[in-house]
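Step one of this worksheet: look at the structure below.
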Amino acid sequence: MHLPLSTVQKARYLLARYLPRTRLAPSPSLSRRSAAKVFLKLEGELPTGSFKPRGALYALSVNMARGRLRGVVASSTGNHGAAVAYAAQRLGVPAVVFLPENANPVKRARIAELGATIFESGRDIRDAFRGAAAYARAENLYFLNDATDPDLPTGPAAIACEILEELPDTDAIYVPMGDTALIRGIAAAAKQISRRVQIIGVQAERAPSYYLSWQQGHAVTTPDCDTIADGLATRIPEAENVRAIRELVDDLRLVSEERMLSAIRHLWLEDHVVAEPAGAASTAALLGHGGPLRGNIILIASGANVAPEITNSVLAGDSATLPSAALQSRPE
C-alpha cells in the first residue's frame with residue numbers, strides 16, 4: 001500500500017479545520033499491569049465518538065475538489081455512517097446512510113441527529129451494503145465505502161503522525177481491526193516515520209476473517225461473525241486489504257467477548273475512559289498478553305459509542321446479561 005507522507009501531511013492540514021487533536025493519555029493502571037509504559041490514544045473524543053470522521057472528512061473533501069457531488073451514500077453498522085453524516089453536514093452535502101435493522105441504537109440516533117437520511121436494509125451489513133451501492137448507482141451519488149475507498153485511509157494515517165510526534169520512541173501500536181482502513185492508514189504512515197515501531201492488529205475471536213486471511217495469505221471468508229464489537233464485525237475480507245495488512249502489520253491478536261467486556265470495565269473504572277467493545281479491543285489484547293511487555297506501547301481507543309445492553313453488562317459484571325440480539329450475526 002503506497003501512501004506518501006506528503007499526502008498525509010496535507011490531510012492533517014485539511015482535517016485541522018474540523019477536528020481537534022486527540023489526547024495521548026498515559027495509563028498508570030495498564031502500565032502497572034504490563035510493566036510497559038502504556039498510553040491511550042483517545043479517538044472517542046472526536047465528533048461522533050470515534051476515529052471515523054478523519055477518513056470521512058478527508059475522502060469527501062478530496063472527491064468534492066475533483067468535481068461537483070450531488071450527495072454521498074454510505075452503509076454502516078454505525079460509526080462510519082455517523083462520520084459520513086458529520087462530514088456531509090460540515091461540507092454542505094446531502095447524506096444517505098444505509099443501516100442493518102439491528103444497528104446500535106446509540107449510533108443510529110447520532111446519525112439521525114446529524115441530518116442524514118436513514119434507510120434500514122436487511123439483517124446485516126452485507127444487506128445494507130447492497131442497498132447503499134444500488135441506491136448510489138441509481139441516483140448517481142458518491143458511494144463512500146470505508147472498506148474500499150482509496151482516499152479514506154489517509155485520514156486515520158494522521159493518527160500515526162500525531163503519536164510519533166508526541167512520543168517518537170514508541171515501540172508498538174495496538175490497533176482494532178474491522179474493515180482495516182484504520183490499521184492500513186496508521187501502519188502506512190508509521191512505518192515511514194519509525195523503523196522501530198511494531199503494528200499489532202486486534203480482531204474479535206468471533207469475527208476473525210482478517211486474522212485468518214493474514215495467516216493464510218489470501219482472503220478467507222467466515223460463515224458468520226457474532227461479536228458484540230460491531231466495529232470489528234467483518235465477515236468477507238477484501239483481497240487488496242489482505243495484501244496491505246500482510247505487508248504492513250507485524251502481528252495480529254484475537255480477543256474474546258469476555259476480554260473486551262473486561263477491558264471496557266477496566267478503562268471505565270481505572271482510567272475514566274468510555275470505550276465501546278471495538279474501542280476496548282486493543283486494551284483487551286494487552287490485558288490478555290501472556291508475558292511481560294517493555295517499552296512504550298500505544299493502545300488505540302477507537303470509539304466510545306456504547307450500546308445500552310453493553311453498558312448494562314459491564315455494570316453487572318457478567319456477559320451472560322447480554323441479550324441474544326447483541327450476539328447475533330453481523331457479517332460485513
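Remark: side-chain polar atoms of Asp271 are not paired, donor with acceptor, to backbone N or O of Ser27 under 3.5 angstrom. Counting only distance, with no hydrogens or angles, the side chain of Asp127 and the backbone of Ser121 share no donor-acceptor pair below 3.5 Å. Remark: the backbone N or O of Val38 is paired with a side-chain donor or acceptor of Ser31 at under 3.5 angstrom. Remark: side-chain polar atoms of Thr283 are not paired, donor with acceptor, to backbone N or O of Ala263 under 3.5 angstrom. A donor-acceptor contact shorter than 3.5 Å links the side chain of Ser213 to the backbone of Val220. Side-chain atoms of Asp171 do not come within 3.5 Å of backbone N or O of Ile297 as any donor-acceptor pair. At least one donor-acceptor pair under 3.5 Å links the side chain of Ser61 to the backbone N or O of Leu57.
For the pair Ile159/Leu182, a side-chain contact is recorded, criterion being any heavy-atom separation below 4.5 Å from C-beta on. Put simply, the side chain of Phe98 does not reach to within 4.5 Å of the side chain of Ile125, judged on heavy atoms. At least one side-chain heavy atom of Pro105 sits less than 4.5 Å from a side-chain heavy atom of Pro308. Residues Lys107 and Ser50 have side chains not in contact (no heavy-atom distance under 4.5 Å, counting atoms from C-beta outward). Side-chain contact between Pro20 and Glu45 is absent, with no heavy atoms from C-beta onward closer than 4.5 Å. Using a 4.5 Å heavy-atom threshold, the side chains of Leu24 and Glu162 count as separate. A 4.5 Å side-chain heavy-atom check between Pro277 and Ile310 finds at least one atom pair inside the cut-off. Looking at heavy atoms from C-beta onward, Leu287 lies in side-chain contact with Leu30 at the 4.5 angstrom threshold.
Between Leu286 and Tyr174, the closest heavy-atom pair is N-CE2, 4.4 Å. Summarising the geometry of Val306 relative to Asn104, their closest heavy-atom pair is C-ND2, 4.3 Å, with the distance given to 0.1 Å. When all heavy atoms of Ser282 and Val202 are compared, the pair lying nearest together is CA-CG2, 4.1 Å. Pairing each heavy atom of His80 with each of Ser75, the nearest pair is CD2-O, 3.6 Å. Looking at every heavy atom in both residues, Leu114 comes nearest to Ala85 through CB-CB, 3.7 Å. Minimum heavy-atom separation, Leu99 to Thr77: CD2-C, 4.4 Å.
Looking only at atom types and distance, the side chain of Ser302 has no donor-acceptor partner in the side chain of Glu43 under 3.5 Å away. Side chains of Tyr211 and Gln215: a donor on one and an acceptor on the other come within 3.5 Å. When only modelled atom types and interatomic distance are considered, Thr227 and Glu257 share a side-chain donor-acceptor pair under 3.5 Å. In this structure, a donor-acceptor pair under 3.5 Å is present between the side chains of Asn305 and Asn79.
Arg108 has a carboxylate O that lies under 4.0 Å from a charged side-chain N of Glu120, or vice versa, which qualifies the two as a salt bridge. Salt bridge Glu205/Arg259: absent, no basic N to carboxylate O contact under 4.0 Å. With respect to the salt-bridge test (charged N to carboxylate O, under 4.0 angstrom), the residues Arg66 and Asp151 qualify. No salt bridge links Arg33 with Glu270; every basic N to acidic carboxylate O contact stays at or beyond 4.0 Å. Using a 4.0 Å cut-off between charged side-chain N and carboxylate O, Glu238 and Arg184 make no salt bridge. With respect to the salt-bridge test (charged N to carboxylate O, under 4.0 angstrom), the residues Asp224 and Arg235 do not qualify.
Rounding to the nearest 0.5 Å gives a distance of 5.0 Å between CE of Met64 and CG of Leu91. How far CD of Glu276 is from OG1 of Thr311: 10.5 Å, rounded to the nearest 0.5 Å. Rounded to the nearest 0.5 Å, atoms CG (Asp149) and CG (Asn63) are 6.5 Å apart. Atoms OH and CG, on Tyr86 and Leu46 in that order, are 8.5 Å from each other to the nearest 0.5 Å. Note that CZ of Arg265 and OG of Ser313 are 6.5 Å apart. Values are rounded to the nearest 0.5 Å. Atom CG in Leu167 sits 4.5 Å away from atom CG in Asn296 (nearest 0.5 Å).
Under a hydrophobic clustering in which Ile, Leu, Val, Met, Phe, Trp and Tyr are joined whenever their side-chain heavy atoms come within less than 4.5 Å, directly or via other members, Phe129 and Leu144 fall into different clusters. Neither Tyr142 nor Val96 shares a network with the other; the hydrophobic side chains, linked directly or stepwise wherever heavy atoms of I, L, V, M, F, W or Y lie under 4.5 Å apart, form separate groups for each. The cluster map of Ile, Leu, Val, Met, Phe, Trp and Tyr, joined by side-chain heavy atoms under 4.5 Å apart, puts Leu212 and Leu232 in different clusters. Hydrophobic clustering of Ile, Leu, Val, Met, Phe, Trp and Tyr side chains at less than 4.5 Å, counting indirect connections, unites Leu19 with Val93. Hydrophobic clustering of Ile, Leu, Val, Met, Phe, Trp and Tyr side chains at less than 4.5 Å, counting indirect connections, unites Leu254 with Ile300.
Heavy atoms of other residues, nucleotides or ligands lying less than 6.0 angstrom from CD of Glu240 number 12 at most. By the neighbour-count criterion of 12 heavy atoms within 6.0 Å, atom CZ of Arg21 is densely surrounded, having more than that number from other residues, nucleotides or ligands. The number of heavy-atom neighbours closer than 6.0 Å to NZ of Lys37, taken from other residues, nucleotides and ligands shown, is 12 or below.
Residues Tyr18 and Tyr58 place their aromatic rings such that the two centres sit no closer than 6.0 Å.
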I'd like to know whether Leu152 forms a side chain to side chain contact (heavy atoms under 4.5 Å, CB included) with Thr154, so could you lay out the CA-CA distance, the side-chain angles of the two residues, the decisive distance to 0.1 Å, and finally the verdict. CA-CA 5 Å; Leu152 190 143; Thr154 306; over 6 Å; no
Please step through side chain to side chain contact (heavy atoms under 4.5 Å, CB included) for the pair Arg12 and Cys161, ending with a clear verdict. CA-CA 9 Å; Arg12 293 182 69 191; Cys161 298; 3.5 Å; yes
Between Thr22 and Arg54, does a side chain to side chain contact (heavy atoms under 4.5 Å, CB included) hold up when you go through it step by step? CA-CA 11 Å; Thr22 58; Arg54 293 179 184 266; 3.4 Å; yes
Would you please test Tyr210 and Thr222 for side chain to side chain contact (heavy atoms under 4.5 Å, CB included) and show each step? CA-CA 9 Å; Tyr210 273 106; Thr222 55; over 6 Å; no
